[in-house]
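Right, one structure below, let's go through it.
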Amino acid sequence: MSLYSEKVMDHFRNPRNVGVIENADGVGEVGNAKCGDIMKIYLKIDDDIITDVKFETFGCGSAIASSSMATELIKGKPVAEAMELTNKAVAEALDGLPAYKMHCSVLAEEAIKNALEDYYSKKAKES
Ligand code: FES
């Protein structure tokens with residue numbers, strides 16, 4: 001059996017939602033100090049629904065697959081639901097990650113939470 005599932009390989013080779021959103025409503029960036037990988041997530045939000053999401057990841061294949069899957073999981077969802085996305089759910093949607101690669105999915109969860117916090121703080125300033 002190969003180390004990585006078909007889904008991980010698919011999202012690594014053909015990542016969904018790669019790119020930048022200009023004037024995003026929320027931007028989140030996180031890094032892992034140990035491996036040096038960096039992930040950035042951009043959100044477009046209308047009426048508390050995530051209408052668009054893009055990512056840029058400078059990192060390993062699992063980090064790219066995790067970002068790709070995570071963006072797919074929150075696209076079109078209410079912000080409250082996206083806030084509850086866990087790295088475990090991302091890894092499960094990818095049909096699993098090797099144990100020593102689980103931290104790559106944590107990066108995706110943290111980047112999304114960061115972007116949502118950015119959105120909430122921007123919203124608070126406006127009102
Ligand atoms: Fe660091 Fe994958 S090895 S995010």
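Whatever order the structure lists them in is the order used to number ligands and atoms, beginning at 1. Computed from heavy atoms alone, side chains included, the values below leave out hydrogens, waters and symmetry copies. We're numbering straight along the sequence, starting at 1.
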Task: Linked, directly or transitively: Leu107 and Leu43 (ILVMFWY side chains, under 4.5 Å) - done: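 Cluster IDs for Leu107 and Leu43 differ.
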- [ ] Please answer whether the main-chain N or O of Lys44 pairs with a side-chain N or O of Asp52 as donor and acceptor at a distance below 3.5 Å.
- [x]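 No; zero donor-acceptor contacts below 3.5 Å.
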Open item on the list: Using only atom types and a distance under 3.5 Å, with no angle test, would you say the side chain of Arg16 pairs donor to acceptor with the backbone of Asn14?
Closed with: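 Between the backbone of Asn14 and the side chain of Arg16 there is a qualifying donor-acceptor contact (under 3.5 Å).
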- [ ] Tell me the residues surrounding ligand 1, counting only those with a heavy atom closer than 4.0 angstrom, sorted by chain and number.
- [x]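 Residues within 4.0 Å of ligand 1: Cys35, Asp37, Cys60, Ala63, Lys101, His103, Cys104, Leu107.
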- [ ] Answer yes or no: are there more than 12 heavy-atom neighbours, outside Lys88 itself, under 6.0 Å from its atom NZ?
- [x]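 No, because the 6.0 Å sphere around NZ of Lys88 holds 12 heavy atoms or fewer from other groups.
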Task: Between Asp118 and Asn114, a side-chain donor and acceptor under 3.5 Å - done: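 No - no donor-acceptor pair under 3.5 Å links their side chains.
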Open item on the list: Against Ile74, only a single residue in Val79, Leu116, Val53 fulfils side-chain contact (heavy atoms from CB on, under 4.5 Å); can you say which?
Closed with: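 Only match with Ile74 under side-chain contact (heavy atoms from CB on, under 4.5 Å): Val53.
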